[in-house]
Colleague: 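Sharing a structure, written as structure tokens. Questions coming.
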Amino acid sequence: KNDELTSICSIPDIYVQKEKLQSKVKYLQQNLDRMESITEKVKNTWDNLRKERDFHRMHHRRVLQEKNELIKQLKRLKKYCDSYEPTINSLKQKYENAKKEKMLFRIDRDKMAVKMDAMEEQIRAIQENYNAINSNNTKQQKQSTKTRKRTPSASRTATASKLSGIQNQNANPNQSQTPNNFNSTTTTGNLPTFSGVNPYLNIDGDEIEIVNVDKFTLYKTYNVHNHAVSQIALHPNKDIIATASDDMTWKLWNLPSGELIMSGEGHKDWISGCSFAPNGAYLATASGDGSVKIWDFARSCCVGTFEDHTSVVWDVKYHFESPNHIVSCSMDHTIKLWDIEYTKCKQTYRGHVDSVNIVDFQPYSNNIVSGSSDKTISFWDLRSALCIQTFYGHHNSINNITFNKKCDEIISCDADGIVKIFDIRMIKEKKEINTGKYVHPCSYVMFDESGKRIIVACDDGLIKIYDTESGNHIESLAGHEDSVNCVLFSHKNKMLMSCGSDCTLRLWQ
């Protein structure tokens with residue numbers, strides 16, 4: 001009985017022990033589940049790290065392959081350059097020989113000039129002696145014919161004087177021509193003038209059709225230069241465009257075929273700007289070598305070089321009517337008006353305190369407008385060289401200024417991507433548009449023909465179109481792979497042309 005009682009009393013202890021074991025098993029199971037989740041996370045992390053390791057290892061191998069390929073290309077280029085060394089040396093020798101021959105020719109020319117002067121002096125002395133002998137003979141004839149009748153002798157004397165005068169003229173023709181030639185070389189040309197009235201003044205803006213630039217798409221792309229294309233200019237009468245580039249050359253292209261018509265070399269540094277003469281026969285270019293050159297298409301050569309600027313020349317523009325006058329601006333803080341006919345600087349405009357980046361003639365007026373890195377826009381009187389008005393508002397360097405067709409408003413852009421419209425008559429700011437969010441500069445800005453659309457060339461490779469009245473962004477034309485430097489409309493607004501630092505000229509239609 002005692003054993004039975006003992007067994008009966010021990011039953012609860014077994015149940016208690018069982019419950020403890022069950023709770024312990026449950027706790028261990030929870031720990032096991034938690035450890036499994038942790039293990040799974042660690043496993044995932046390890047898999048990700050392994051993938052990243054494999055990716056970086058593959059990337060490293062690819063970089064090594066590219067490096068080896070570049071090394072091979074560099075060696076090939078070095079061999080290629082070395083192969084041209086003899087040619088370059090021979091060309092240098094030829095150039096030096098040509099310079100020596102040129103110097104010898106100059107020396108010979110100077111010697112011949114001295115000989116010519118001496119011969120002219122001898123001829124002049126002989127002619128004077130001849131005239132003196134003729135005068136003596138005439139006197140003797142007069143004395144010997146005193147007894148004769150006066151009328152015949154008078155007629156003979158008059159005839160002799162006429163003949164002597166003709167002989168004097170024939171012997172020394174430069175005496176009568178020298179004053180005229182002197183006057184023609186010493187007189188200076190007049191300042192440029194304009195005729196007529198702006199035809200857009202009497203046209204209402206609503207009568208001009210808005211150019212639907214926002215519907216334009218990329219039509220053609222031309223690789224026109226080896227380096228960035230800094231500016232383009234449209235021929236005043238024909239579908240011909242000029243491109244200026246950092247590769248120190250300019251080129252003429254036929255549109256829309258893209259056929260190369262002509263190219264020019266002569267600048268010693270990059271070309272920053274170009275402009276057609278109003279008659280379309282000449283092209284002016286500005287360069288980083290501090291010079292402005294005039295190119296004649298008919299003669300296919302440079303016919304004038306102006307080097308009065310002391311630093312980089314950023315822009316050059318022809319007068320809107322006179323093919324004999326251009327204006328240029330430079331990093332030397334000055335603007336210069338040039339007379340092409342007499343190859344001299346007519347006027348220098350000083351007032352900016354930093355580099356002058358853009359300059360242009362105001363159509364149908366005697367004014368010049370300029371934009372500078374001193375954040376101001378200035379209007380200058382063409383004749384007095386005085387600043388007649390200054391516009392403030394920009395907070396960074398001004399890159400471009402353009403007039404609307406009525407010439408009563410200007411639009412400007414700066415290195416912060418800010419576009420501003422100024423009313424010239426009211427002398428106040430009319431609108432401000434932030435196109436680059438203070439990150440992407442604007443290189444060029446212009447109105448369309450109606451003045452209701454703004455086209456902006458931006459440093460982020462986009463051509464942006466805005467509404468003039470509201471300032472709202474309408475569309476962006478994407479296609480350039482680098483910054484867009486200039487945009488222009490073709491004749492009759494059929495196409496939009498753009499150039500950029502990606503060495504291309506692109507047509508949008």
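Because only heavy atoms are used, hydrogens play no part in the values below, and waters and symmetry mates are left out as well, while side chains stay in. A quick note: this is a predicted structure, and the numbers were derived from the prediction, not measured.
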Colleague: Which pair of heavy atoms, one from Thr402 and one from Val445, lies closest together, and at what distance?
Modeller: OG1-O, 2.7 Å

Colleague: If you take the centroid of each ring, where Trp contributes its six-membered ring, are His352 and Trp380 closer together than 6.0 Å?
Modeller: yes

Colleague: Would you name the heavy atoms of Cys442 and Asn399 that are closest together and state the gap between them?
Modeller: O-ND2, 2.8 Å

Colleague: More than 12 heavy atoms of other residues, nucleotides or ligands under 6.0 Å from CD of Glu85: yes or no?
Modeller: yes

Colleague: Determine yes or no for a side-chain-to-main-chain donor-acceptor pair under 3.5 angstrom, with His480 supplying the side chain and Ser483 the backbone.
Modeller: no

Colleague: How far apart are the closest heavy atoms of Asn324 and Glu341, and which atoms are they?
Modeller: ND2-OE1, 4.0 Å

Colleague: Please work out whether the ring planes of Tyr364 and Phe320 are parallel, tilted or perpendicular, with thresholds of 30° and 60°.
Modeller: tilted

Colleague: Could you check whether any side-chain N or O of Asp502 sits under 3.5 Å from a backbone N or O of Glu481, counting only pairs where one atom can act as donor and the other as acceptor?
Modeller: yes

Colleague: Taking the side chain as every heavy atom from C-beta outward, state whether Ile241 and Met497 have any atom pair closer than 4.5 Å.
Modeller: yes

Colleague: Any donor and acceptor pair, going by atom type alone, linking the side chain of Thr334 with main-chain N or O of Arg350 inside 3.5 Å?
Modeller: no

Colleague: Can you find a pair of side-chain heavy atoms, one from Phe276 and one from Leu252, that are under 4.5 Å apart?
Modeller: yes

Colleague: How about OH on Tyr282, more than 12 heavy atoms from neighbouring residues, nucleotides or ligands closer than 6.0 Å, or not?
Modeller: no

Colleague: Looking at Asn357 and Ile398, would you say the former's side chain and the latter's main chain have a donor-acceptor pair under 3.5 Å?
Modeller: yes

Colleague: In Å, rounded to the nearest 0.5 Å, how long is the span from OG of Ser330 to NZ of Lys336?
Modeller: 8.5 Å

Colleague: Tell me whether Lys251 is salt-bridged to Asp247, with the criterion being a basic N under 4.0 Å from an acidic carboxylate O.
Modeller: no

Colleague: Any sub-3.5 Å donor-acceptor pair from Asp414's side-chain atoms to Ile418's backbone N or O?
Modeller: yes

Colleague: Answer yes or no: is there an ion pair linking Asp408 with Arg425, defined by an N-O contact shorter than 4.0 Å?
Modeller: yes

Colleague: Quick check on Arg299: does its CZ atom have over 12 non-hydrogen neighbours (other residues, nucleotides or ligands) under 6.0 Å away?
Modeller: no

Colleague: Report the C-alpha distance between Lys464 and Ser476 in whole Å, list the side-chain angles of each, state the deciding distance to 0.1 Å, and finish with yes or no for side-chain hydrogen bond (donor to acceptor under 3.5 Å, both in side chains).
Modeller: CA-CA 4 Å; Lys464 299 178 182 179; Ser476 293; 5.8 Å; no

Colleague: Applying salt bridge (charged side-chain N to carboxylate O under 4.0 Å, His left out) to Glu449 and Lys405, what does each step give before you reach the verdict?
Modeller: CA-CA 7 Å; Glu449 188 176 10; Lys405 291 296 183 180; 5.7 Å; no

Colleague: Is the backbone of Lys51 close enough, under 3.5 Å, to the side chain of Asn48 for a donor and an acceptor to pair up by distance?
Modeller: no

Colleague: Can you see which heavy atom on Ser272 is nearest to which on Asp315, and at what distance?
Modeller: OG-N, 4.4 Å

Colleague: Please check: side-chain N/O of Asn404 versus main-chain N/O of Cys407, any donor-acceptor pairing under 3.5 Å?
Modeller: yes

Colleague: Rounded to the nearest 0.5 Å, how far apart are NZ of Lys420 and OH of Tyr392?
Modeller: 14.5 Å

Colleague: Is there a donor-acceptor pair under 3.5 Å between the side chain of Ser287 and the backbone N or O of Trp270?
Modeller: yes

Colleague: Are any non-hydrogen side-chain atoms of His319 and Ile326 less than 4.5 angstrom apart?
Modeller: no

Colleague: Just do the side-chain hydrogen bond (donor to acceptor under 3.5 Å, both in side chains) check on Thr285 and Trp295 with the steps written out, would you?
Modeller: CA-CA 8 Å; Thr285 56; Trp295 307 85; 2.9 Å; yes

Colleague: How close do Glu429 and Phe422 get, counting heavy atoms only, and between which atoms?
Modeller: CA-CD2, 3.7 Å

Colleague: Mind checking whether Phe306 and Trp338 have parallel, tilted or perpendicular rings, split at 30° and 60°?
Modeller: tilted

Colleague: Checking Trp314 against Ser355 for the side-chain hydrogen bond (donor to acceptor under 3.5 Å, both in side chains) test, could you report, in this order, the C-alpha distance in whole Å, the side-chain angles of both residues, the deciding distance, and whether it holds?
Modeller: CA-CA 9 Å; Trp314 286 120; Ser355 172; 2.9 Å; yes

Colleague: Assess the pair Phe379 and Phe391: is the distance between their ring centroids shorter than 6.0 Å?
Modeller: yes

Colleague: Does a side chain donor of either Asn89 or Thr87 reach within less than 3.5 Å of an acceptor in the other side chain?
Modeller: no

Colleague: Does a sphere of radius 6.0 Å around CD in Glu469 hold more than 12 heavy atoms from other residues, nucleotides or ligands, not counting ones at 6.0 Å or beyond?
Modeller: no

Colleague: Looking at Glu209, I want to see if its CD is surrounded by more than 12 non-hydrogen atoms of other residues, nucleotides or ligands under 6.0 Å.
Modeller: no

Colleague: Quick one: does Cys274's side chain get under 4.5 Å of Trp250's, heavy atoms only?
Modeller: no

Colleague: Considering only heavy atoms from C-beta outward, does the side chain of Arg453 approach that of Val211 to under 4.5 Å?
Modeller: no

Colleague: Would a 4.5 Å heavy-atom cut-off, applied to side chains only, mark Tyr349 and Val359 as touching?
Modeller: no

Colleague: Should Arg506 and Thr221 be marked as a side-chain hydrogen bond (donor to acceptor under 3.5 Å, both in side chains) after you check the CA-CA gap, both sets of side-chain angles, and the distance that decides it?
Modeller: CA-CA 4 Å; Arg506 297 177 188 262; Thr221 301; 3.2 Å; yes

Colleague: If only atom types and distance count, is the side chain of Ser245 paired as donor or acceptor with the main-chain N or O of Ala228 below 3.5 Å?
Modeller: yes

Colleague: For the residue pair Val327 and Leu382, establish whether any side-chain heavy-atom pair is separated by less than 4.5 Å.
Modeller: no

Colleague: Check this for me: does any side-chain nitrogen of one of Lys452 and Asp467 sit under 4.0 Å from a carboxylate oxygen of the other?
Modeller: no

Colleague: When you measure from the side chain of Asn366 to the backbone of Asp381, do you find a donor-acceptor pair of N or O atoms at a distance under 3.5 Å?
Modeller: no

Colleague: Check whether any side-chain heavy atom of Ser291 lies under 4.5 Å from a side-chain heavy atom of His309, and answer yes or no.
Modeller: no

Colleague: Quick check: closest heavy atoms across Ile410 and Phe447, and the distance to 0.1 Å?
Modeller: C-CE1, 4.3 Å

Colleague: Answer yes when Asp289 and Lys293 have at least one side-chain N-carboxylate O distance shorter than 4.0 Å, and no when they do not.
Modeller: no

